[in-house]
Amino acid sequence: MFWGQAIEQGTTVNLSAFSSKGDIVHLSHINLQDINSEGKTTVFITSEGKKFPLASLSKTMSQADFDLYLQTQNNTVFSVQGKGKVNLLGYFPPSHK
């Protein structure tokens, strides 16, 4: 099942909000909605209380591909620093129960 969220500075996306849709989200792609955004926009991921930069996007690099499987119950949070609005795109893998 497809998963997508838009995020910008001052907002966050917490994967625990999607736990009813599945235990795991596959993050496939991050891109700037407006490639004419000035400056750098950095996407961060916070997991287990530690914050890490995931991608730095700009006019010259407006997208990044990933192959990350993230558990929805782990309180993983995405945030953005910069002026750009970012799309987080992925899917919930089929359940093998």
Side-chain angles (χ1 to χ4, degrees):
M1 177 188 335
F2 173 78
W3 176 80
Q5 291 292 303
I7 186 172
E8 59 188 317
Q9 186 166 304
T11 63
T12 60
V13 171
N14 190 326
L15 289 184
S16 65
F18 304 96
S19 62
S20 65
K21 296 184 185 258
D23 296 335
I24 295 175
V25 171
H26 179 269
L27 179 65
S28 307
H29 192 77
I30 296 176
N31 69 294
L32 282 174
Q33 280 190 10
D34 179 8
I35 61 169
N36 294 317
S37 296
E38 292 297 323
K40 191 185 323 183
T41 300
T42 304
V43 179
F44 291 90
I45 187 169
T46 303
S47 182
E48 298 180 2
K50 297 177 184 172
K51 186 175 181 178
F52 302 96
L54 194 57
S56 291
L57 305 174
S58 64
K59 285 182 182 180
T60 57
M61 187 179 155
S62 62
Q63 59 188 5
D65 294 320
F66 295 91
D67 187 19
L68 293 176
Y69 290 90
L70 304 163
Q71 292 183 339
T72 56
Q73 295 92 358
N74 282 358
N75 199 30
T76 300
V77 178
F78 292 95
S79 59
V80 170
Q81 184 177 25
K83 295 181 181 179
K85 187 179 272 189
V86 174
N87 294 313
L88 306 171
L89 304 170
Y91 61 90
F92 292 94
S95 177
H96 296 286
K97 294 180 181 178

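Along the sequence shown, the residues carry numbers beginning at 1.
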Heavy atoms only: give me the nearest [X]-[Y] pair and the separation to one decimal.
X: Ala55; Y: Ala64; result: CB-CB, 4.2 Å
X: Thr46; Y: Lys51; result: OG1-CG, 3.5 Å
X: Tyr69; Y: Pro93; result: CE2-CG, 4.0 Å

Say you draw a straight line from [atom1] of [X] to [atom2] of [Y]; how long is it, rounded to the nearest 0.5 Å?
X: Ile24; Y: Asn74; atom1: CD1; atom2: CG; answer: 10.0 Å
X: Leu27; Y: Gln5; atom1: CG; atom2: CD; answer: 11.5 Å
X: Ile45; Y: Lys50; atom1: CD1; atom2: NZ; answer: 13.5 Å
X: Leu15; Y: Lys21; atom1: CG; atom2: NZ; answer: 13.0 Å

| task | Show your working on side chain to side chain contact (heavy atoms under 4.5 Å, CB included) between Val13 and Phe18 and close with a plain yes or no. | result | CA-CA 10 Å; Val13 171; Phe18 304 96; 4.0 Å; yes
Donor-acceptor contacts, no H, no angles, side chain residues 75-89, under 3.5 Å, sequence neighbours left out:
| from | atom 1 | to | atom 2 | distance (Å) |
| --- | --- | --- | --- | --- |
| Asn75 | OD1 | Asn14 | ND2 | 2.7 |
| Asn87 | OD1 | Gln33 | NE2 | 2.7 |

With a 4.5 Å heavy-atom cut-off, do [X] and [Y] have their side chains touching?
X: Ser47; Y: Phe52; result: no
X: Leu54; Y: Leu68; result: yes
X: His26; Y: Phe66; result: no
X: Asn31; Y: Ser62; result: no

| If you count the non-hydrogen atoms of other residues, nucleotides and ligands that lie under 6.0 Å from CD in Glu48, is the total more than 12? | no
| task | Check for a donor-acceptor pair, side chain of Thr72 on one end and backbone N or O of Asp23 on the other, with a separation under 3.5 Å. | result | yes
| field | Short side-chain to backbone donor-acceptor contact, Thr11 and Glu8, under 3.5 Å | value | yes
| query | In the single-linkage hydrophobic clustering (I, L, V, M, F, W, Y; side-chain heavy atoms under 4.5 Å), do Leu70 and Val43 co-cluster? | reply | yes
| Stepwise side chain to side chain contact (heavy atoms under 4.5 Å, CB included) test for Thr42 and Ser56 | CA-CA 4 Å; Thr42 304; Ser56 291; 3.4 Å; yes
| query | Parallel, tilted or perpendicular: which fits the ring planes of Phe92 and Trp3, with parallel below 30° and perpendicular above 60°? | reply | perpendicular
